[in-house]
Amino acid sequence: MKETASGRDARFDFWRMREAPGISFPQRLFLVALVSAGLLAVVRLGDWWFRAEHVADTAFFIFLSVAFWYGIGRILVGWFNYLGIRKPAPCAAPPGMRVAIFTTSSPGEPLAMFEKTLAACRKIRYPHTTYLLDDTQDPRFRELAGRHGAVWLELVGIPGAKAGKINKAFSMTTEDFILVLDPDHVPFPDFLDRVLGYFGDEKTGFVQVCQAYYNQARSFVARGAAEQTYGFYGPILMGMYGHRSSLAIGANCTFRRTALESIGGHGVGLAEDMVTAIRLHAAGWESVYVPIILSRGLVPEDLGSFFKQQLKWARGVYEILFAELPALWPRLKWRQRLSYFLLGTYYLCGVTTFIYLLIPYCYLWFGFQPASMPFAQFMTMVGPVGLIGVILYLAVQRWLCHPEAERGLHWRGLMLKIGCWPVYLLGTILSITRTAIPYIPTAKEAVRGEFLRLTWPHVVVFLAYLLTLVTVLYRRIFVIPEEVLVLSTEAVWGMMGFATMTIVFSVGVFYAAWKARDLPDGSAWDAVPNQLTGDE
């Protein structure tokens, strides 16, 4: 087993270039076969689900069906992307390209983090100019930029947050290609060498590479947040590239200047990266996704910071659905329309989870039963869909960008996603009411949080669950006649089991909120190795 100089297994070394493999014809056939089997299972499930005898209350059945089939639909979205998995052939960077690197700084962001980022930017081999887009009004940032050979641009009071500063710097510079690099991402020396060659195709408007992280071991939240990204930056984005709808993700994305000029500059908003991508695609530009790790950055380490990030994303993604997509729909290709619509509806999982929460309590307290389905039959019908879904989820992990460190069931990420339902629900409500929220950069350091402030919706649900359980037990022991007990046993305990599942998935949020009282030791960027920054 090969080890690094520090003695660590080289397979888990975060500071080496990693990339997902390409896909062979037999592998594609295998995916087609599995997806075909899954589609047959979904059709079988749908034929059974929508039978008239299963409808107990029409209105509640519709609500249940919307929530359930939204979840099935998200599974189908993943399968659709798997069928498009594709990796671009390597393209060497030609000499003589004029390249800028933009990284932004905001008030409150730690200076020590920029020390690592700017030092690593200086060590990027391909000739370039690094620009620090600064609005901190802190003279130390100007000194730091000069020390690392970066050009300091003071951009105070520019509207549009990060995207506004990018557009202002865009007007002040002349380079033909611009890499947007988040300040928490530490680039590897060969970053530009691996990217610039794809601009040999004059139709290419931007090239996106994988976002990967180095602080996931520092907390439960960090690990769960990172787990949510593994599949997205591997098989999902590789599939979107195959469907000619690669996304710009806001960091590690290199743009062609003329492409941005053709749409009036970088998009502005809470989801400015997606706004930019959809406008570029609508303008006829092509995009490339390269599943390669060329930098490492940070994920939120505490639950409060994670919730704020997710609310910003949820509110921003709805802007795509309600504003950008309708206006640009005629100019997009059909697979781009489908991809952006599905991305725009991702955070509806907050609404559907809320529906799942309500249904068992509506039955147990008020007798409203949406469906009349024997539990054993339901499991027989849904089981094949779930089994094939799990097999596919594990099979496509071959195309993770760092499979040795990223493979798994990713249960922490799942628990955080389900536990985020109040945040996603709030994002949906704010979008419907057109309520604006400020653009706040994701916290780069863990912030101590208050347990009840972070978990009060889950505490309310837990108390409702305990009250319901006690009431059900009391009524069934002391109130309900024996002959009624026999007839209602399956339905009552099935609904209690349904309610119990939501409590189980809340455990992750409770644990993360409890741990938010204690901050991780030290700073995450202390782990950045000297060979990337030149530090002695």
Contacts satisfying ring pair (Phe, Tyr, Trp, His ring centres under 6.0 Å) that involve residues 226-251 (not counting sequence neighbours) are F80-H243, Y230-H410

Within the 4.5 Å heavy-atom criterion, are L247 and Y340 side-chain neighbours or not?
yes

Query raised in the report: Do E115 and R147 sit within salt-bridge range, that is, some charged N less than 4.0 Å from a carboxylate O?
Result: yes

With sequence neighbours left out, the residues meeting salt bridge (Lys or Arg N to Asp or Glu O under 4.0 Å) with K87 are E19

Test side-chain hydrogen bond (donor to acceptor under 3.5 Å, both in side chains), reference E301, set R218, K515, R223, output is R218

By ring-ring contact (aromatic ring centres under 6.0 Å, His included), F177 pairs with (sequence neighbours left out) F199

Sorted by chain and number, sequence neighbours left out, salt bridge (Lys or Arg N to Asp or Glu O under 4.0 Å) with R296 holds for none

Sorted by chain and residue number, the side-chain hydrogen bond (donor to acceptor under 3.5 Å, both in side chains) partners of T204 (sequence neighbours excluded) come out as none

Fill in: Mutual orientation of the aromatic rings belonging to F141 and F114 [parallel < 30°, tilted 30-60°, perpendicular > 60°]
perpendicular

Hits for salt bridge (Lys or Arg N to Asp or Glu O under 4.0 Å) against D193, two or more places apart or cross-chain, chain-then-number order -> none

By side-chain contact (heavy atoms from CB on, under 4.5 Å), V275 pairs with (sequence neighbours left out) R279, I320, E324

Only residue of W421, W313, Y424 satisfying ring pair (Phe, Tyr, Trp, His ring centres under 6.0 Å) with Y347 is Y424

For K168, the side-chain hydrogen bond (donor to acceptor under 3.5 Å, both in side chains) test, sequence neighbours excluded, returns none

The side-chain contact (heavy atoms from CB on, under 4.5 Å) partners of R337 (sequence neighbours excluded) come to W329, L332

Practice prompt. Kindly confirm or rule out a cation-pi arrangement of R257 over F170, judged by NZ or CZ under 6.0 Å from the six-membered ring centre and within 45° of its axis?
Written response: yes

request  = Taking the side chain as every heavy atom from C-beta outward, state whether C349 and R74 have any pair of such atoms under 4.5 Å apart.
outcome  = no

Pair up each side-chain donor or acceptor in residues 88-104 with any protein partner under 3.5 Å, not counting sequence neighbours, and list the distances.
residue	atom	partner	partner atom	Å
R98	NH1	T174	O	2.9
R98	NH2	T174	O	3.4
R98	NH2	T174	OG1	2.6
T103	OG1	L181	O	2.8

Review point. Under a 4.0 Å N-O cut-off, is there an ion pair linking K203 with D201?
Key: no

Consider only side-chain N and O atoms of S245 and H281, and report whether a donor and an acceptor are under 3.5 Å apart. no

Residues 287-308 vs ring pair (Phe, Tyr, Trp, His ring centres under 6.0 Å), sequence neighbours excluded, gives none

Applying salt bridge (Lys or Arg N to Asp or Glu O under 4.0 Å) to D182 and not counting sequence neighbours gives K162

